Amino acid sequence: MSGLLVAASFLIGSVFGSFLNVCVYRIPRGISMLIPARSYCPSCKAQIPWRHNVPILSWLRLRGRCAECGAPISIRYPLIELSAGLLFSLGA
């Protein structure tokens with residue numbers, strides 16, 4: 001049971017880390033947290049579909065590039081998601 005709790009905590013933490021990435025990008029730039037509601041590529045402004053917005057895995061699957069325009073996506077994004085996931089799992 002404890003392994004399942006650690007895994008669930010990691011998953012929840014990585015989702016929280018994904019939200020932190022949104023905050024880190026939008027708040028300093030004065031972009032609303034509500035509009036646009038969906039994540040988008042900073043380069044081409046294309047909305048990111050849910051299947052390309054899975055914490056850590058999507059960045060790896062897309063090889064750190066936007067699926068639409070091919071612009072690089074900073075390694076900061078999966079590192080924050082991974083860090084939050086590890087912190088949450090340590091607390092489990």
Side-chain angles (χ1 to χ4, degrees):
M1 178 70 174
S2 67
L4 184 59
L5 179 62
V6 170
S9 296
F10 180 84
L11 179 64
I12 292 167
S14 64
V15 169
F16 181 75
S18 183
F19 176 71
L20 284 177
N21 278 323
V22 172
C23 295
V24 166
Y25 181 80
R26 291 186 182 193
I27 291 173
R29 291 169 177 80
I31 302 170
S32 170
M33 296 297 291
L34 302 175
I35 301 169
R38 301 281 309 269
S39 295
Y40 61 91
C41 172
S43 295
C44 69
K45 308 295 186 227
Q47 272 192 355
I48 299 173
W50 70 268
R51 68 185 182 278
H52 292 158
N53 207 15
V54 178
I56 305 164
L57 298 177
S58 291
W59 190 89
L60 293 171
R61 186 170 153 246
L62 294 170
R63 295 185 180 106
R65 300 213 167 262
C66 172
E68 291 294 319
C69 69
I73 300 169
S74 173
I75 189 132
R76 178 193 70 189
Y77 292 98
L79 289 179
I80 289 175
E81 294 163 355
L82 179 65
S83 299
L86 290 173
L87 287 173
F88 271 57
S89 63
L90 286 173

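Remember, it's a predicted structure, so these values are computed and weren't measured experimentally.
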- request: Look at atom CZ of Arg63 and say whether more than 12 heavy atoms of other residues, nucleotides or ligands are closer to it than 6.0 Å.
  value: no

- request: Answer yes or no: is there a side-chain heavy-atom contact under 4.5 Å between Arg65 and Cys41?
  value: no

Same cluster (ILVMFWY, side-chain, under 4.5 Å), Leu82 and Phe16: no

Straight-line distance of Ile48 CD1 to Glu68 CD, nearest 0.5 Å: 9.5 Å

query: Other hydrophobic cluster members with Val24, side-chain heavy atoms of Ile/Leu/Val/Met/Phe/Trp/Tyr under 4.5 Å, chained?
result: none

task: Considering non-hydrogen atoms only, spot the tightest contact between Cys23 and Met33 and give its length.
output: SG-CE, 3.4 Å

query: To the nearest 0.5 Å, what is the distance between CZ (Arg26) and OG (Ser39)?
result: 6.0 Å

query: Any side-chain heavy atom of Cys44 within less than 4.5 Å of one from Cys66?
result: yes

message: By the ring pair (Phe, Tyr, Trp, His ring centres under 6.0 Å) test, which pairs, at least two apart or in different chains, include something from residues 22-42?
response: none

message: What I'd like to find out is whether the side chain of Ile56 reaches to under 4.5 Å of the side chain of Phe10, using heavy atoms alone.
response: yes

query: Hey, quick one: are Leu34 and Ile31 part of the same hydrophobic cluster, counting side-chain heavy atoms closer than 4.5 Å, chains of contacts allowed?
result: no

query: Nearest heavy-atom pair of Pro49 and Gln47: which atoms, and what distance?
result: CD-O, 3.4 Å

- request: Check Gly17 against Ala84 and note the closest heavy-atom contact, atom names and distance.
  value: CA-CB, 3.7 Å

query: Taking the side chain as C-beta and beyond, is there a heavy-atom pair between Val6 and Ser89 under 4.5 Å?
result: yes

query: Under a 4.5 Å side-chain heavy-atom rule over Ile, Leu, Val, Met, Phe, Trp and Tyr, are Trp59 and Val15 clustered together?
result: no

message: Can you confirm whether Ile35 is buried at CD1, in the sense that more than 12 heavy atoms of other residues, nucleotides or ligands lie under 6.0 Å from that atom?
response: no

Verify same cluster id: Leu60, Leu79 (apolar side-chain graph, 4.5 Å): yes

